[in-house]
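Counting from 1, the numbers follow the sequence of the chain as shown. Worth knowing before you read on, the calculation uses all heavy atoms, side chains too, and leaves out hydrogens, waters and symmetry mates. Quick caveat: nothing in here was measured; it's all calculated off a predicted structure.
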Amino acid sequence: MEAHGELSFVREFAPLLGAALVFVLLFRKLGLGATLGYLVAGAVVGPQVLGLVGDAESKLGFAELGITLLLFLVGLELSPQRLWRLRHDIFGLGLLQVVLCGLAVSAVIWGGAGFSLAAAFALGLPLALSSTAQVLPMLQSAGRLKTPFGERAFSILLLQDLSIVPLITIVAAMSRNPADAAGPPGWLLAVNTVLAVIGLILAGRFILRPLFTLIGNLGEREMFVFAGLFTVIAAAAIMQALGLSMALGAFVAGVMLADSPYRHELEADVEPFRSILLGLFFLAVGMLLDLSAIAERPLFVFGMALALIVTKGAVIFGLALLFRMPWRPALALGMLLSQGGEFGFVLFAQAQAALLIAPEAASVFGAIITLSMATTPFLMMFTKRFRAEPAAGDGSALDPPRHDGASAVVVGYGRFGQTVAQMLIGQGLSVTIIDTDPETIEVARDFGMKVYYGDGTRIDLLRLAGAADAELLMFCLDGDQLDTEALTAIKQAFPQPSQFLRVVDRRAVMRLAGAPVEATVREVYESAIAMARLAMACVGVDEGEVERTEDEYRRLDEARLKLQADSGSIYAGRDEMFSQARQQRQAEEAG
């Protein structure tokens with residue numbers, strides 16, 4: 001039986017992943033995004049078309065971890081201070097969006113589809129929620145998550161996730177199922193939510209941070225992966241046990257670690273799992289698409305999907321204008337959030353269990369959600385030119401996106417990196433600092449410096465730290481941790497910033513010949529020259545002679561280093577060493 005189960009697993013996932021590979025590549029090539037590719041791939045290999053893969057419900061339940069990981073990563077990007085700054089958008093714009101869109105869509109269903117008022121609310125309120133799993137990756141890939149536009153979209157999505165508990169309470173209050181009378185009252189769910197959030201905050205402060213400090217001291221990167229996944233899954237499990245949103249628990253855990261020095265390391269470790277599980281989630285949603293329900297009532301399904309998009313888009317557009325957004329980004333916000341969301345499937349199941357809607361209605365409106373999600377890439381693509389800001393007279397954008405990334409990323413905060421970082425900060429540059437030594441990080445914190453934990457030679461971690469938007473990449477590492485191949489790969493990944501590299505000695509400079517760096521700095525070169533200057537002054541050498549000696553030494557040393565790098569031999573230019581060349585010149589002058 002076990003062997004049969006393993007064989008069935010392989011047989012199902014091979015065509016599922018193969019179809020995902022083909023369709024995602026195709027749809028990305030067409031500029032339609034990965035989400036639509038996953039949806040189509042799931043529909044093609046699922047029970048409705050080829051029938052190669054079944055049991056979409058169980059796969060959907062497992063793949064919902066992808067949404068949970070996504071909210072954890074978003075939480076890592078949002079410190080409590082930044083959340084406080086967004087409070088007006090979250091509890092103002094976000095709350096109004098859920099309420100007004102829920103009422104408007106419910107009215108459309110009640111008036112246009114002939115459902116009872118209770119059924120219309122049970123269907124319309126969930127449709128007020130948009131797809132966090134679809135919208136946030138779109139914002140991330142476009143580099144707009146940290147812009148004012150992206151923050152507005154995120155604020156709405158966050159409030160939608162918070163509204164899951166009230167919506168479940170409303171469905172339970174309207175229930176026609178006698179068994180639901182014994183369920184927990186809504187006020188108890190609210191209390192459980194507050195207590196769970198407080199518990200997660202305390203756990204993050206007194207358990208998670210010491211745990212990651214311990215792992216950092218051990219230097220075991222694999223343990224960061226385990227600890228990161230444990231954090232997400234444990235927070236989600238606690239919320240699920242209380243009947244709350246798993247994604248909310250993961251988000252709170254992420255926020256609690258947003259100010260920790262281990263943020264970038266956690267992001268880099270969890271991101272691959274998020275990408276895989278989120279792709280699997282959309283595959284499962286595509287498999288759940290009930291084509292027979294669409295075939296039986298095509299006009300109703302397509303008409304209701306269109307009505308959903310128009311209604312939500314119009315309401316969000318109006319609210320954005322009310323909150324003083326220019327009309328172009330307000331229209332973009334309406335288009336971006338006009339689809340139904342993944343939590344609609346959960347709430348439809350709740351409404352079905354409460355005997356508010358029939359299984360056929362849940363299936364039809366599930367198809368409407370999927371179709372609305374499929375339209376989002378087309379809407380954003382077709383309205384791009386219409387939504388774009390007009391060009392100014394000099395050809396530049398009137399209101400370009402603003403990013404809050406650092407101007408410089410300093411990797412390594414030892415004796416060398418401290419001086420580099422502090423001088424840059426002294427010039428008013430924003431600096432992100434990365435180091436792998438937990439003790440250094442703790443000491444830096446005592447002096448008011450924010451240093452993140454992580455391996456700054458990794459491209460994925462540098463990307464999360466904002467290297468793509470930085471102007472400078474400063475590698476202030478001990479030893480020879482980077483070679484020409486690694487530096488070339490980093491430059492290819494981040495062509496914009498100039499790279500500066502600390503090296504041990506001239507042998508390291510020779511090995512790095514041809515590396516795409518702005519400059520290499522030998523770690524003791526300048527300090528040795530400084531000491532020599534002090535020594536010469538101490539024995540009475542004239543200040544002008546000291547300057548001439550230094551200039552000549554630098555010129556000869558640079559010429560000899562070039563010969564050594566070109567030949568690959570440390571002995572090249574041996575006769576050009578400063579002491580010998582200077583003595584020979586003095587002898588010639590005396591003769």
Side-chain angles (χ1 to χ4, degrees), residues 64-65 67-87 90-91 94 132 154-155 157-166 168-169 184-218 220 223-267 269-270 273-274 438-439 441-446 448 450-454:
E64 283 178 354
L65 279 174
I67 303 173
T68 303
L69 291 172
L70 174 65
L71 266 295
F72 175 71
L73 292 173
V74 171
L76 286 175
E77 294 283 343
L78 291 168
S79 63
Q81 294 83 1
R82 190 174 173 208
L83 271 180
W84 180 251
R85 179 169 59 82
L86 296 177
R87 65 190 185 280
I90 295 172
F91 296 104
T132 302
F154 170 76
S155 298
L157 292 169
L158 178 57
L159 196 282
Q160 289 178 358
D161 291 333
L162 293 173
S163 69
I164 296 296
V165 174
I168 291 175
T169 304
W187 67 266
L188 183 58
L189 282 176
V191 171
N192 287 341
T193 301
V194 174
L195 292 177
V197 170
I198 293 174
L200 287 174
I201 292 173
L202 294 176
R205 178 67 180 86
F206 296 106
I207 298 177
L208 293 180
R209 292 199 179 201
L211 173 64
F212 287 116
T213 300
L214 174 62
I215 295 172
N217 286 321
L218 294 175
E220 295 287 341
M223 294 307 298
F224 264 104
V225 179
F226 278 94
L229 292 177
F230 167 75
T231 299
V232 177
I233 294 174
I238 291 172
M239 287 296 196
Q240 187 182 47
L242 295 173
L244 307 173
S245 167
M246 293 193 303
L248 175 61
F251 174 76
V252 174
V255 171
M256 289 306 99
L257 293 170
D259 277 336
S260 79
Y262 307 104
R263 169 188 142 196
H264 292 307
E265 181 73 21
L266 286 169
E267 284 181 296
D269 290 337
V270 172
F273 296 95
R274 191 277 304 175
E439 184 177 352
I441 293 170
E442 292 299 326
V443 173
R445 179 184 298 169
D446 294 338
K450 181 67 176 178
V451 181
Y452 292 104
Y453 178 89

Student: Closest approach of A250 and A235, non-hydrogen atoms and distance?
Tutor: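 Heavy atoms of A250 and A235 come nearest at N-CB, 4.1 Å.
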
Student: Please report the interatomic distance CD1(I207) to OG1(T231), rounded to the nearest 0.5 Å.
Tutor: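 That separation rounds to 10.0 Å.
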
Student: Roughly how far, to the nearest 0.5 Å, is CD1 of I90 from CG of L157?
Tutor: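 L157 atom CG to I90 atom CD1 measures 11.0 Å (nearest 0.5 Å).
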
